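Here the structure comes first, spelled out in structure tokens, and everything after it is commentary.
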Amino acid sequence: MNTNETLNQQMEDARQRLYDLSEQYGFAHASVLEQSMFLDELINQHNRIFQTRKLPQLL
């Protein structure tokens, strides 16, 4: 499994955990907010990788 596939799987797992936590505790619970921030960071990592790969094509 390459880095992109691994990161995509991590994002999917984090999304599912966020969904499960929000169902259990509601949206304003600290654990839900923490998981949301974790997912945000994974998405940011993905976007940085994607933009780095796209930059040479734009130039």
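Note that the structure is predicted; figures quoted are calculated from it, not measured.
- With sequence neighbours excluded, the residues forming a side chain to side chain contact (heavy atoms under 4.5 Å, CB included) with Tyr25 are Leu21, His29, Ser31, Val32, listed by chain and number.
- Partners of Ser36 according to the side-chain hydrogen bond (donor to acceptor under 3.5 Å, both in side chains) rule, which considers only residues two or more places apart in sequence or in another chain, do not exist here.
- Among residues two or more places apart in sequence or in another chain, the side chain to side chain contact (heavy atoms under 4.5 Å, CB included) test is passed with Asn4 by Asn2, Asn8, His46, Arg53.
- One side chain, Gln16 or Asp20, offers a donor N or O that lies under 3.5 Å from an acceptor on the other.
- Of the inter-residue distances, the one linking Met11 atom CE with Thr6 atom OG1 reads 11.0 Å to the nearest 0.5 angstrom.
- Legend: salt bridge (charged side-chain N to carboxylate O under 4.0 Å, His left out) pairs involving residues 3-12, not counting sequence neighbours, sorted by first then second residue: Glu12-Arg15.
- Among residues at least two apart or in separate chains, salt bridge (charged side-chain N to carboxylate O under 4.0 Å, His left out) pairs with a member in residues 22-46 are Glu41-Arg48.
- With rounding to the nearest 0.5 Å, the separation of CZ in Phe38 from CG in Leu33 is 15.5 Å.
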